[in-house]
*Asks:* 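Quick one: structure below, then a few questions.
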Protein chains: 2
Amino acid sequence: MRTRQRILEAAAELFRDRGYSNTRLTDIAERAGVQTGSLYYHFASREALVGEILHIGMGTAWRHVHQAVDSLASDAAPIERVAAAIKAHLLVVLDISTIASAQSRVVNEVPDDVRAAHLDEQRAYGNYWRSLLEDAQRAGELDPGLDLYVFGVALFGMMNATTALQPERVGDAEAVASIIVGLVLDGVRVGRPKRRAR
Amino acid sequence: MRTRQRILEAAAELFRDRGYSNTRLTDIAERAGVQTGSLYYHFASREALVGEILHIGMGTAWRHVHQAVDSLASDAAPIERVAAAIKAHLLVVLDISTIASAQSRVVNEVPDDVRAAHLDEQRAYGNYWRSLLEDAQRAGELDPGLDLYVFGVALFGMMNATTALQPERVGDAEAVASIIVGLVLDGVRVGRPKRRAR
DNA sequence: GTCTATACGGCGATAGAC
DNA sequence: GTCTATCGCCGTATAGAC
């Protein structure tokens with residue numbers, strides 16, 4: 001495998017497991033099987049390396065979520081599109097891409113200038129989610145009184161927290177995704193019918 | 001105010017906003033209005049300081065949640081106790097205690113030995129929540145098929161993510177808490193009555 | 001492209017005066 | 001109890017050989 005790719009993969013595993021601040025360049029080099037100094041042939045700095053992780057990880061999540069939503073029947077209900085997006089995001093961070101997983105773990109931990117450089121793509125992703133939610137709300141399928149800002153923050157907090165699940169204590173990613181989708185759409189309470197739109 | 005207390009408060013604000021690894025002792029000292037060297041009269045090390053934050057923060061959350069649940073009528077439904085616990089935890093981290101807020105932010109970021117020293121109290125808190133959830137499930141008020149481990153991780157991920165909400169874009173802590181409680185119990189979907197226990 | 005060797009700075013921690 | 005001064009380590013980054 002190309003060295004640059006090995007470095008990115010090694011960095012992603014470590015960032016995902018320990019976070020950015022707790023990962024030394026020597027750790028990354030060791031896991032990638034090179035000397036620390038050699039990293040600088042491929043990346044200008046530690047910050048440039050993590051910046052690349054953010055970029056690739058977000059792109060990967062974006063592509064998978066977008067594709068999952070687009071592959072629904074064109075007459076699919078907006079709420080179905082939201083459900084598909086949630087499932088796709090979870091599959092990506094839990095299963096498909098170590099780099100996407102790392103992105104979600106370290107986004108809020110990196111130095112300000114790295115975040116700033118990443119902000120545009122992060123916002124684009126957020127805007128896409130917001131449009132999905134607004135469509136569902138306009139269609140009367142989401143609680144019309146729901147504050148989408150609060151909901152969005154809560155939703156991402158929940159989804160990204162699932163990367164901390166111990167694999168041996170849960171089923172596969174599909175199983176986790178369906179639990180989360182069920183929780184978000186219908187909650188965990190039994191026996192109290194939902195009220196209709198007010 | 002006693003210096004030790006000022007130091008703890010200053011450290012908590014910084015830990016909550018930037019995390020542990022991104023907070024220098026010089027930042028803490030500056031905010032507390034002392035010289036860096038003076039910190040060592042009150043705490044043996046940086047790790048000891050954050051350990052104290054974890055301890056106090058967890059104790060504070062514990063007390064508030066416990067009290068909120070206990071102050072319910074003794075015949076309150078188990079699901080009501082869960083709702084009260086969620087609300088209380090949110091009020092604590094959003095409003096009541098900077099130290100509790102800091103605890104939730106840095107728990108998964110501190111060095112291993114600090115975490116290890118904190119593990120017992122963290123587990124006790126988790127066990128209390130698990131008992132609340134199991135009671136509700138046994139009473140048939142929570143979806144009987146729900147995986148409580150996955151739910152617990154998701155729930156805490158969601159609750160602790162609310163500390164990232166920008167205050168100017170949301171109502172007060174009570175308002176946020178009621179959104180989250182509603183989301184957890186009944187979900188965000190409109191119009192599809194929940195099925196009864198299967 | 002990768003290595004070895006080293007420069008450089010930052011930060012946690014200690015010593016000792018007051 | 002708080003200050004000033006300083007030590008020493010660790011980790012990022014650079015230089016230059018191969």
Side-chain angles (χ1 to χ4, degrees), chain A residues 1-56 102 105-107 109-118, chain B residues 1-56 102 105-107 109-118:
Chain A
M1 201 202 309
R2 286 230 326 297
T3 304
R4 184 190 152 90
Q5 197 56 37
R6 279 209 328 275
I7 295 171
L8 284 168
E9 207 57 40
E13 287 177 32
L14 291 163
F15 288 159
R16 176 195 43 163
D17 295 340
R18 314 184 191 168
Y20 174 69
S21 322
N22 290 322
T23 302
R24 309 281 80 118
L25 287 181
T26 53
D27 304 329
I28 296 170
E30 184 182 25
R31 177 166 302 213
V34 296
Q35 292 301 311
T36 306
S38 310
L39 297 177
Y40 287 86
Y41 175 80
H42 302 277
F43 301 94
S45 67
R46 182 168 175 255
E47 295 197 358
L49 170 53
V50 74
E52 188 71 5
I53 295 277
L54 295 182
H55 177 65
I56 297 174
R105 161 90 194 235
V106 304
V107 181
E109 185 191 350
V110 293
D112 287 344
D113 48 345
V114 177
R115 279 211 58 173
H118 183 55
Chain B
M1 198 201 315
R2 286 228 330 294
T3 304
R4 184 190 153 92
Q5 196 57 36
R6 279 207 331 273
I7 295 171
L8 284 168
E9 207 57 41
E13 287 176 33
L14 291 163
F15 288 158
R16 176 195 43 162
D17 294 340
R18 313 184 192 168
Y20 174 70
S21 321
N22 291 323
T23 303
R24 312 289 108 207
L25 286 182
T26 51
D27 303 330
I28 296 170
E30 183 183 23
R31 177 166 302 213
V34 297
Q35 293 301 311
T36 307
S38 309
L39 298 177
Y40 287 86
Y41 175 80
H42 302 278
F43 301 95
S45 67
R46 182 166 174 258
E47 296 197 359
L49 171 53
V50 74
E52 188 71 6
I53 295 278
L54 295 182
H55 177 65
I56 297 173
R105 160 91 194 234
V106 303
V107 180
E109 186 191 351
V110 293
D112 288 344
D113 49 345
V114 177
R115 279 209 57 170
H118 183 55

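Protein chains get the first letters and strands the later ones, always in sequence-line order, with residue 1 at the start of each.
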*Asks:* Using a distance-only test with no angle check, is there a side-chain donor-acceptor pair under 3.5 angstrom linking A:Arg105 and A:Tyr20?
*Replies:* no
*Asks:* Expressed in angstrom and rounded to an integer, what is the separation of A:Phe43 atom CZ from D:dT14 atom P?
*Replies:* 16 Å
*Asks:* Of the candidate nucleotides C:dA13, D:dT12, D:dC3, which contains the atom at the shortest distance from the side chain of A:Tyr40?
*Replies:* D:dT12
*Asks:* Is there a side-chain polar atom (N or O) of A:Tyr41 under 4.0 Å from OP1 or OP2 of C:dG1?
*Replies:* yes
*Asks:* Rounded to the nearest angstrom, tell me the gap between atom CD in A:Gln5 and atom C1' in C:dG1.
*Replies:* 17 Å
*Asks:* With a 4.0 Å limit, can you tell me whether B:Gln35 has a side-chain N or O closer than that to the phosphate oxygens OP1/OP2 of D:dT2?
*Replies:* no
*Asks:* Are OP1 or OP2 of C:dG1 and a side-chain N or O of A:Ser38 less than 4.0 angstrom apart?
*Replies:* no
*Asks:* In whole angstrom, give the distance that lies between atom CG of A:Leu25 and atom C1' of D:dT14.
*Replies:* 13 Å
*Asks:* Send over the distance from B:Ile28 CD1 to C:dC11 P, rounded to a whole Å.
*Replies:* 12 Å
*Asks:* Contact class for B:Ser45 vs. all strands (heavy atom < 4.0 Å): base, sugar-phosphate, or nothing?
*Replies:* sugar-phosphate
*Asks:* Atom CG of A:Leu39 and atom C1' of D:dG11: how far apart are they, to the nearest Å?
*Replies:* 12 Å
*Asks:* Among D:dT2, C:dC3, D:dT12, which nucleotide sits nearest the side chain of A:Val34?
*Replies:* C:dC3
*Asks:* Would the distance check show the side chain of B:Ser38 and the main-chain N or O of B:Val34 forming a donor-acceptor pair, the cut-off being under 3.5 Å?
*Replies:* no
*Asks:* Please round to the nearest 0.5 Å and tell me the distance separating atom CZ of A:Arg6 and atom NE2 of A:His42.
*Replies:* 8.0 Å
*Asks:* Could you check B:Ile28 against B:Thr36 for side-chain contact (heavy atoms from CB on, under 4.5 Å), going step by step and ending with a plain yes or no?
*Replies:* CA-CA 8 Å; B:Ile28 296 170; B:Thr36 307; over 6 Å; no
*Asks:* Classify the side-chain pair A:Glu109/B:Ser21 by whether it contains a donor and acceptor separated by less than 3.5 Å.
*Replies:* no
*Asks:* For C:dA13, take OP1 and OP2 only and decide whether either is under 4.0 Å from a side-chain N or O of B:Thr36.
*Replies:* no
*Asks:* Rounded to whole angstroms, how far apart are CD on B:Glu30 and C1' on D:dT2?
*Replies:* 17 Å
*Asks:* Below 4.0 angstrom from OP1 or OP2 of C:dC11, is there any side-chain N or O of B:Thr26?
*Replies:* no
*Asks:* With a 4.0 Å limit, can you tell me whether B:Arg24 has a side-chain N or O closer than that to the phosphate oxygens OP1/OP2 of C:dG10?
*Replies:* no
*Asks:* For the pair made of CZ in B:Arg46 and P in D:dC10, what is the distance, rounded to whole Å?
*Replies:* 15 Å
